[in-house]
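What follows is a set of notes on a single structure, which appears directly below.
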Amino acid sequence: SIEFVPTWFGVSMLEYSVWNETLGLDLFAYYNFTSLTDSINNSQNNLSVIRGLPVINSTNGKLGNGAFFNGSSSYGVSDGSNYYFKLRNNTGNFDFTISGWIKKTGGDNLFAGTNFSSGYDLAFHSTLGWFYRSSGGSQFYTTTVPSLNSWQMWSITLNKTDSCLFINGTQKVCKGASTYSNNNGTLFEFGSTAGNEFLTGYLDEWGFWNRNLSDSEMVQLYNDGTGLTYTAPVVDSIPPYFTTIPSNQNITYGNYWSGV
């Protein structure tokens with residue numbers, strides 16, 4: 001819930017109206033679908049078209065631009081030799097969070113992930129709800145049935161103890177003693193999982209963290225349904241200063257403007 005609604009020059013603003021520095025801790029990849037570039041590390045995790053013709057434009061997003069998938073298209077990102085997108089747990093004790101917005105327009109589909117046989121899938125079902133499954137044997141569902149043609153925030157946290165699914169920041173379902181695959185370098189895709197099934201719908205504002213976001217951070221991301229987009233931290237500029245002491249340290253008072 002929002003505890004207060006401040007105003008700025010008479011305009012109401014939500015309590016959590018901007019991305020703050022805490023949300024950026026251990027965030028290693030973020031996609032706002034303004035382009036195919038990863039907002040965090042654009043030399044490592046950029047997207048490319050894997051199948052079909054997914055579409056990015058300003059009418060498709062939850063916040064600005066977003067991506068539309070027509071049931072036969074996907075974007076992919078390869079993690080190379082790094083740990084990006086690998087959900088390590090029992091051997092690596094690797095905490096992880098995935099969170100983003102989805103608007104489905106039909107069907108029961110896997111909408112993102114790698115390959116269930118060697119990785120993990122993110123999916124929805126019209127009667128079972130939103131769910132996550134992996135080759136390690138974890139498979140669990142929310143009690144919330146996905147709605148058609150409306151934006152919903154899907155999130156999951158994983159660690160050595162449990163896995164928790166969040167819908168819209170607060171509806172939380174957990175499964176203890178989680179196990180899941182290291183992914184073994186399988187290509188991560190938006191809109192499909194290794195071409196097994198495809199999303200018909202929209203995706204926007206997807207982030208990946210090397211830690212578990214807290215319950216309050218999930219609420220903050222949801223932002224009362226408005227959502228948040230990643231904002232790069234502002235680097236404070238260094239004011240000018242003397243590197244050496246001036247030879248003349250006298251201060252002269254007066255008006256030096258001659259009027260010319």
Side-chain angles (χ1 to χ4, degrees), residues 1-2 14-20 22-34 38-40 56 59-69 75 85 87 95-113 120-126 128-133 140-158 163-175 188-191 199-209 211-231:
S1 62
I2 303 301
L14 294 176
E15 178 181 359
Y16 301 124
S17 58
V18 294
W19 186 282
N20 63 29
T22 302
L23 281 176
L25 293 175
D26 294 318
L27 177 68
F28 70 82
Y30 194 92
Y31 302 95
N32 59 20
F33 294 104
T34 300
D38 167 26
S39 299
I40 305 300
I56 287 178
T59 64
N60 290 341
K62 169 66 177 175
L63 295 171
N65 280 26
F68 171 68
F69 301 86
Y75 291 122
F85 306 106
L87 305 187
D95 294 353
F96 207 85
T97 298
I98 303 173
S99 183
W101 289 84
I102 176 173
K103 180 169 74 172
K104 80 186 195 83
T105 58
D108 294 329
N109 302 97
L110 310 174
F111 64 85
Y120 59 95
D121 298 329
L122 319 179
F124 55 81
H125 191 276
S126 58
L128 295 174
W130 302 92
F131 70 93
Y132 158 85
R133 67 177 184 174
F140 65 108
Y141 301 80
T142 69
T143 56
T144 304
V145 176
S147 301
L148 283 175
N149 302 310
S150 66
W151 284 103
Q152 294 163 90
M153 193 179 86
W154 188 103
S155 313
I156 187 168
T157 60
L158 305 106
S163 305
C164 294
L165 279 170
F166 297 77
I167 303 301
N168 294 335
T170 57
Q171 300 171 42
K172 181 179 179 181
V173 178
C174 297
K175 179 177 180 178
F188 182 93
E189 295 184 46
F190 288 108
L199 168 67
T200 302
Y202 305 82
L203 296 176
D204 199 11
E205 307 298 334
W206 282 84
F208 298 77
W209 287 259
R211 67 180 178 93
N212 286 172
L213 295 188
S214 66
D215 289 8
S216 62
E217 286 175 317
M218 290 296 185
V219 173
Q220 185 176 353
L221 273 179
Y222 183 62
N223 194 22
D224 202 32
T226 302
L228 291 179
T229 188
Y230 168 75
T231 304

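On a predicted model such as this, the values are computed, not experimentally measured, just so you know.
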*Out of curiosity, Leu199 CG to Glu189 CD, how far, rounded to the nearest 0.5 Å?*
12.0 Å
_Minimum-distance pair of heavy atoms, taken over all atoms of Gly201 and Phe68_ = O-CD1, 3.4 Å
_Could you walk me through whether Thr157 and Met218 satisfy the side-chain contact (heavy atoms from CB on, under 4.5 Å) test, starting with their C-alpha distance in whole Å, then the side-chain angles of each, then the deciding distance to 0.1 Å, before giving a yes or no?_
CA-CA 10 Å; Thr157 60; Met218 290 296 185; 3.6 Å; yes
_Glu217 side chain near Thr97 side chain, heavy-atom distance below 4.5 Å_ = no
*asked:* Counting the benzene-type ring for Trp, do Phe111 and Trp154 have ring centres under 6.0 Å apart?
replied: yes
_Within the 4.5 Å heavy-atom criterion, are Leu148 and Lys104 side-chain neighbours or not?_
yes
*Asp95 vs Asp26 side-chain heavy atoms within contact, under 4.5 Å*: no
_Heavy-atom side-chain proximity of Phe166 to Leu213 below 4.5 angstrom_ = no
*Going from OG1 on Thr170 to OH on Tyr222, what distance comes out if it is rounded to the nearest 0.5 angstrom?*
7.5 Å
_With Glu205 via salt bridge (charged side-chain N to carboxylate O under 4.0 Å, His left out) - residues at least two apart_ = none
*asked:* Measuring from atom CH2 of Trp206 to atom CD1 of Ile102, what distance do you get when rounded to the nearest 0.5 angstrom?
replied: 6.5 Å
*Given Ile56, which of Asp204, Thr34, Asn65 fulfils the side chain to side chain contact (heavy atoms under 4.5 Å, CB included) condition?*
Asn65
*Rounded to the nearest 0.5 Å, how far apart are OG1 of Thr229 and CG of Leu63?*
6.0 Å
_Quick check: do Leu221 and Ser99 have side-chain heavy atoms less than 4.5 Å from each other?_
yes
*Who are the salt bridge (charged side-chain N to carboxylate O under 4.0 Å, His left out) partners of Asp215, not counting sequence neighbours?*
Lys172
*asked:* Over 60° means perpendicular and under 30° means parallel, so tell me whether Tyr31 and Phe190 are parallel, tilted or perpendicular.
replied: perpendicular
*Among Phe33, Tyr75, Trp101, find the residue that satisfies the side chain to side chain contact (heavy atoms under 4.5 Å, CB included) test when tested with Leu203.*
Phe33
*Please assess Tyr30 against Trp19 for the test ring-ring contact (aromatic ring centres under 6.0 Å, His included), listing each intermediate value before the final yes or no.*
CA-CA 13 Å; Tyr30 194 92; Trp19 186 282; 5.5 Å; yes
_Contact between Leu25 and Trp209 at the side-chain level, heavy atoms closer than 4.5 Å - yes or no?_
no
*Taking all non-hydrogen atoms of both residues, which atom of Lys62 and which atom of Thr226 are closest, and how far apart?*
CE-O, 3.5 Å
*Should the pair Phe28 and Phe208 be assigned to parallel (<30°), tilted (30 to 60°) or perpendicular (>60°) ring geometry?*
tilted
_Distance (rounded to the nearest 0.5 Å) between Asn223 CG and Asn168 CG_ = 12.5 Å
*Is Leu27 close to Ile40 at the side-chain level, that is, under 4.5 Å between some pair of heavy atoms?*
yes
*asked:* Any side-chain to backbone donor/acceptor pair from Gln152 onto Ile167? Under 3.5 Å, distance only.
replied: no
_Are Tyr132 and Lys175 packed together at the side-chain level, in the sense that at least one heavy-atom pair is separated by less than 4.5 angstrom?_
no
*For side-chain contact (heavy atoms from CB on, under 4.5 Å), just list the numbers for Thr105 and Phe69, CA-CA rounded to whole Å, side-chain angles, deciding distance to a tenth of an Å, and then say yes or no.*
CA-CA 10 Å; Thr105 58; Phe69 301 86; over 6 Å; no
*Between CZ of Phe96 and OG of Ser163, what distance do you get to the nearest 0.5 Å?*
12.0 Å
